[in-house]
Amino acid sequence: MEKILKAIADVITNPPIPHEPHKQSLKNWAMYCLRDRGFIVVFAQNADFAVQFKNGDKFYFKVTNQAEGLDNSLNWIVWDNVNKTTCLIPQA
C-alpha cells in the first residue's frame with residue numbers, strides 16, 4: 001500500500017501538466033494526471049474519485065485547497081495556492 005501511495009504522490013508532485021486553477025478543477029486535473037500515468041480512475045460515492053487496481057482494491061481520494069481539518073479516513077490531494085504545489089496526505 002505504501003508503494004502505491006508513493007507512486008501516486010510522485011504523479012501529483014511531478015505532474016505531466018501543471019495545475020492551473022483558472023483552467024481546470026483540482027479534481028479533474030488530478031484524475032487526468034493519474035490516468036495519464038496508467039492508473040484506473042473510477043467514480044466513488046463518498047469521495048471525489050477512486051483509483052482501482054486489477055485485483056479490485058480501491059484507494060479513495062478527496063481534493064481540497066485547505067490542508068486543515070481533513071477527515072483522516074481518506075487520502076487527500078491538497079493544492080497549496082501560495083506555493084503553487086500539490087501534495088498527497090495519506091489516510092491515517
Side-chain angles (χ1 to χ4, degrees):
M1 179 169 147
E2 208 171 291
K3 262 185 163 177
I4 294 166
L5 285 175
K6 178 161 179 11
I8 291 171
D10 287 345
V11 171
I12 297 304
T13 56
N14 302 302
I17 61 168
H19 177 49
E20 298 176 88
H22 61 282
K23 287 187 178 179
Q24 80 274 62
S25 72
L26 181 58
K27 175 183 171 181
N28 286 341
W29 172 84
M31 292 184 348
Y32 170 83
C33 291
L34 291 166
R35 284 184 178 127
D36 184 70
R37 299 286 171 87
F39 288 95
I40 301 166
V41 180
V42 297
F43 171 80
Q45 188 157 346
N46 296 321
D48 288 323
F49 61 88
V51 172
Q52 184 171 338
F53 300 94
K54 290 185 171 131
N55 65 4
D57 288 349
K58 291 181 184 175
F59 283 19
Y60 295 91
F61 292 88
K62 281 198 158 198
V63 299
T64 186
N65 296 325
Q66 301 290 337
E68 297 86 34
L70 302 178
D71 172 3
N72 65 3
S73 69
L74 291 165
N75 298 297
W76 288 88
I77 294 171
V78 180
W79 169 252
D80 179 347
N81 201 34
V82 174
N83 297 313
K84 308 289 187 226
T85 58
T86 50
C87 69
L88 173 70
I89 300 175
Q91 69 186 54

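Values below: every heavy atom of this structure, side chains too, minus hydrogens, waters and symmetry copies. Count residues from 1 along the sequence.
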>> Please give me the minimum heavy-atom distance between Lys62 and Asn46, naming the atom from each residue.
In response: CE-O, 3.7 Å
> Rounded to the nearest 0.5 Å, what separation is found between the CZ atom of Phe59 and the CD1 atom of Ile4?
Replying inline: 4.5 Å
Would you tabulate the side-chain donor-acceptor contacts of residues 82-92 under 3.5 Å, counting partners in other chains and residues two or more places apart, or write 'none'?
from	atom 1	to	atom 2	distance (Å)
Asn83	ND2	Asp80	OD2	2.7
Lys84	NZ	Asn81	O	2.8
Lys84	NZ	Asn81	OD1	3.1
Thr86	OG1	Ile12	O	2.6

>> I need the Trp79 CH2 to Leu26 CG distance, nearest 0.5 Å.
In response: 8.0 Å
> Rounded to the nearest 0.5 Å, how far does CG of Leu74 lie from OG1 of Thr64?
Replying inline: 12.0 Å
Identify all side-chain donor-acceptor contacts of residues 36-43 below 3.5 Å with residues at least two apart in sequence or on another chain.
from	atom 1	to	atom 2	distance (Å)
Arg37	NH2	Asn14	O	3.2

> Can you name the residues that form a salt bridge (Lys or Arg N to Asp or Glu O under 4.0 Å) with Glu20, not counting sequence neighbours?
Replying inline: Lys23
>> Among residues at least two apart in sequence or on other chains, which ones pass ring pair (Phe, Tyr, Trp, His ring centres under 6.0 Å) with Trp29?
In response: His19
> Can any side-chain N or O of Asn75 pair as donor or acceptor with the backbone N or O of Tyr60 at less than 3.5 Å?
Replying inline: yes
> Do any pairs count as a salt bridge (Lys or Arg N to Asp or Glu O under 4.0 Å) and have a residue in residues 2-16, sequence neighbours left out, and if so which ones?
Replying inline: Lys6-Asp10
Without placing hydrogens or testing angles, list every side-chain donor-acceptor pair under 3.5 Å for residues 48-58, not counting sequence neighbours.
from	atom 1	to	atom 2	distance (Å)
Asp48	OD2	Val63	N	2.7
Asn55	OD1	Asp57	N	2.9
Asn55	ND2	Asp57	OD2	3.2

>> As an exercise, state the distance from CG of Leu34 to CZ of Phe61, rounded to the nearest 0.5 Å.
In response: 7.0 Å
